[in-house]
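Below, read A as the first sequence line, B as the second, and so on, with proteins coming before strands; counting in each chain starts at 1.
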Amino acid sequence: MNIHHRRLLPILAVGVALTLAGPSHAQNPYVQPGYPWFPGGYYPGALGGAYYGAAALVSAQGQLQIQQEQARIEREKANQAKFETQKKAFEQMMYEKANTPTMTEELEYGQNLTLQRMMTSPTPTEITSGKTLNAMLPMIKTLAIKGTSGPPIPLNQEQLRHVNVVVGKDQSSLGMVRDGGVKLDWPLCLQSPKQQQVAAQIPVLVSQAKMGGIDAKLYREITKELDELNDDLRAKFRKEEILGQEYLEGKRFLENLTPTINALRQQTSQRFLDGTYSAQGGTVPELVGNMVRNGLSFAPCNPGDEAVYYAMHDMFVAYTTSAQAAAGFQVKYNPPRTDPWKVK
Amino acid sequence: MAKHLSPRICLPGALALIAMLAAAPVAGAQDVARVQKVNGSLLTQVGETWKAVKAGENVPAGAKLVALFEAELTSANKAVAVKLLGDIGMFGPLPVLDTAVRFLEPGSADFALSLDHGLVIFTNTKESGIATVALKIHEKELTLRLKSPGARLGIELYGRHPGGAKNLLKDSPTTFFFALMGEGEASISTKDHTHALTAPPGPAVLRWDSATNLVEVVSLDKFPDSLKRNEAEKQQFAKICAAAGRFTGQDPSAAAADLLKSDDALSRRVAVTTFGAVGDLSHLLAALGDSHADARDQSILVLRAWMGQAPGHLKSLRAAMLKHKYTLPELKETMHLLIGFDESERDRPAVYELLINLLDSKHLGVRELAHWHLVRLAPAGRDIAFDAGAAEADRQQRVERWRKLIPAGELPPRPKTDKK
């Protein structure tokens with residue numbers, strides 16, 4: 001990579017000098033495609049060729065930076081997974097000795113979490129609940145106001161489609177029924193004639209919400225049936241017809257679906273369903289700008305979309321870290337614990 | 001005569017003989033250490049049976065030794081003293097159980113051994129100069145250099161699976177290596193790096209794990225108090241060693257099974273630890289359904305430690321469960337509970353609902369495991385004296401108290417914290 005860089009540099013310098021010497025046709029919106037001087041044409045001419053070369057080099061350099069950044073993100077992701085494994089395994093021994101912070105103590109500790117910890121060693125739940133992304137929103141906005149930007153990391157638009165958002169912080173997300181509620185991935189332990197009935201009713205309710213108003217009777221019927229499905233699941237588990245793992249899977253699905261159905265009553269549901277309120281933007285700062293302008297927050301991911309949230313988290317961290325470094329601005333964080341046996 | 005024997009009859013016998021020869025120390029192998037003192041039992045595996053090694057005996061290269069719970073040896077050249085230490089998981093910051101090692105030909109070092117799991121302390125007993133120990137930790141080879149006479153270095157090795165149901169399929173336990181300098185100075189070298197350690201105050205602890213493969217050296221102001229036994233702990237250690245002292249025959253499992261019937265809780269814990277030490281899964285699983293709560297509790301600790309010793313142990317445990325007449329749902333439930341929950345699972349109300357419902361399971365081991373997790377995750381419920389082995393009516397009362405403490409859909413109450 002370094003050799004490649006060194007080889008590129010003199011050419012790039014010439015290219016930049018040439019670019020500065022005259023207007024770039026490559027970026028001129030008035031030049032029509034196919035025109036002989038247009039760099040994309042079959043014959044750019046002598047001057048056009050120089051511009052073309054310069055633009056191509058700048059583009060290549062940008063692409064290279066993006067690729068390097070993406071490779072760094074991948075490495076970082078792999079390292080993070082290793083640390084996560086180490087932490088989880090070590091925790092098991094402390095747990096046996098009952099010395100581990102209990103879940104509730106962790107929550108207590110969680111209240112004192114700093115942004116730095118969220119960026120460097122977040123828990124999987126913090127990532128998949130959108131908590132880390134929300135924590136980084138104000139900082140990225142502040143950096144943008146200060147005129148500081150990170151690398152131009154492009155956001156994968158397909159991944160972005162799987163990111164759930166809500167207005168404010170307390171609303172429930174409609175991410176689960178984003179596609180009309182027709183492709184819900186019902187776990188096996190919930191499948192039954194009653195479930196099939198609910199599965200058929202949900203798309204109707206979603207479509208009504210999309211049109212601007214829902215039928216109260218249908219809504220009540222669905223919520224009642226969801227409660228019944230919940231009771232049935234519990235009964236199956238108590239009768240030992242299903243395993244604990246299946247119970248948790250079914251419970252998680254219902255825990256996500258029920259608030260989604262409730263959220264269809266909200267006045268803003270129409271805008272979520274027609275895509276007005278969604279995660280949009282070509283790059284990290286663009287996405288943050290749109291979110292802040294519309295008063296949106298990240299919502300927990302749908303089951304199966306965890307990888308998208310991990311990728312988004314990494315991109316936010318990569319962007320924020322680079323932007324912070326460029327601005328000479330770092331967030332303070334609490335010192336680590338000093339117990340020598342405790343793995344950080 | 002031999003030519004008349006059927007190959008079908010000969011083959012199993014020949015295979016058993018080969019297995020015995022492979023497992024046993026090589027005949028005529030060089031003696032590499034001498035046992036000075038045994039507190040409890042020091043067992044060596046000979047084929048499929050075990051033999052107690054006593055003070056004054058020599059140990060050849062290739063011998064696999066299991067210490068229950070203290071044994072002192074010296075290297076053949078008297079340059080290194082080796083102490084193998086164990087416990088029933090009650091002493092120290094991490095749960096130490098039995099210690100298992102295999103002695104190796106020292107080559108150019110003063111002493112060589114492969115540490116499978118547990119706690120070993122090396123002391124330089126030379127009159128002058130450096131004592132060298134070649135240490136094998138699974139696939140890694142380390143060289144320990146104890147810089148001067150009296151230099152003492154402790155090594156601990158543990159393995160655990162990360163919590164979370166998905167790790168049941170991966171079966172990739174993480175190994176944790178800790179080195180603590182007790183006296184003097186030493187260095188620990190791998191193929192590429194050397195790390196210097198000194199007794200506290202100074203860089204006294206080195207830790208490494210197989211997940212990140214990173215080495216970290218930690219400075220200590222003083223030797224950790226948590227590693228010094230107080231009077232009560234000394235007495236308890238003496239008791240567990242005395243209980244382990246009865247494993248003198250060829251079948252420590254049978255002796256431990258007798259010990260499990262003891263009226264003394266510590267002795268029962270020693271018995272269960274012994275099942276794990278000799279890899280007797282059948283007795284270990286039986287202990288999970290024992291009538292004594294302490295035996296069930298100990299079996300959880302020992303099973304989890306055994307599962308984490310090496311990849312492949314989960315498969316062996318599943319096979320043992322099937323042999324032990326576990327139904328498939330019971331097997332899956334038990335494995336899930338043995339591996340535990342990760343932090344994303346632990347902040348879900350459904351997990352608590354699941355655990356409380358499992359207090360009501362038909363399977364005693366599953367009830368014990370569910371309670372084992374609940375008291376750790378929700379300390380507020382420690383006052384609810386739930387006994388998984390109690391009569392159903394009694395259990396039901398306690399289950400209702402748990403349900404009241406953590407209603408369905410809620411997380412456990414927050415612990416009271418000291419604002420100071």
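For the pair Glu333(B) (side chain) and Gly244(A) (backbone), a donor-acceptor distance under 3.5 Å is present. At distances below 3.5 Å, at least one donor-acceptor pair connects side-chain atoms of Arg304(B) with backbone N or O atoms of Gln92(A).
Contacts of His161(B) with chain A are made by backbone atoms alone, with heavy-atom separations under 4.5 Å and no side-chain atom involved. For Ser361(B), the parts lying under 4.5 angstrom from a heavy atom of chain A are both the backbone and the side chain. Within the 4.5 angstrom heavy-atom criterion, atoms from both the backbone and the side chain of Val351(B) approach chain A. Ala380(B) does not touch chain A: none of its heavy atoms, backbone or side chain, sits under 4.5 Å away. Within the 4.5 angstrom heavy-atom criterion, atoms from both the backbone and the side chain of Asn357(B) approach chain A. In this structure, chain A has a heavy atom under 4.5 Å from the side chain of Leu214(B), while its backbone stays farther away.
The environment of Lys222(B) atom NZ is sparse: at most 12 non-hydrogen atoms of other residues, nucleotides or ligands sit within 6.0 angstrom. Other residues, nucleotides and ligands place more than 12 heavy atoms under 6.0 Å from the CG atom of Asn213(B). Counting non-hydrogen atoms of neighbouring residues, nucleotides and ligands closer than 6.0 angstrom, the CG atom of Asp231(A) exceeds 12 such neighbours. Enclosure of atom NZ in Lys194(A) by more than 12 non-hydrogen atoms of other residues, nucleotides or ligands within 6.0 angstrom is indicated.
Of the residues listed (Glu91(A), Met93(A), Lys88(A)), the one engaging Arg160(B) in a side-chain contact (heavy atoms from CB on, under 4.5 Å) is Met93(A), and it is the only one.
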Audit row: Glu353(B), Arg234(A), salt bridge (charged side-chain N to carboxylate O under 4.0 Å, His left out) steps and yes/no: CA-CA 9 Å; Glu353(B) 200 182 332; Arg234(A) 191 174 294 143; 2.5 Å; yes
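Contact of the Phe237(A) side chain with the Leu354(B) side chain is registered, since non-hydrogen atoms from C-beta on lie closer than 4.5 Å.
If you tally non-hydrogen atom pairs under 4.5 Å between each of Lys362(B), Glu330(B), Met90(B), Lys332(B) and chain A, the highest count goes to Lys362(B).
Once rounded to the nearest 0.5 Å, the distance linking CG of Leu331(B) with CG of Leu243(A) reads 10.0 Å. With rounding to the nearest 0.5 angstrom, the OG1 atom of Thr85(A) is 7.0 Å from the CG atom of Asn167(B). Going from atom CZ of Arg252(A) over to atom CD of Glu345(B) covers 9.5 Å, rounded to the nearest 0.5 Å. Considering OH of Tyr247(A) and CG of Leu358(B), their distance stands at 10.0 Å, rounded to 0.5 Å.
For Leu248(A) against Arg348(B), the heavy-atom pair with the smallest separation is O-NH2, 3.2 Å.
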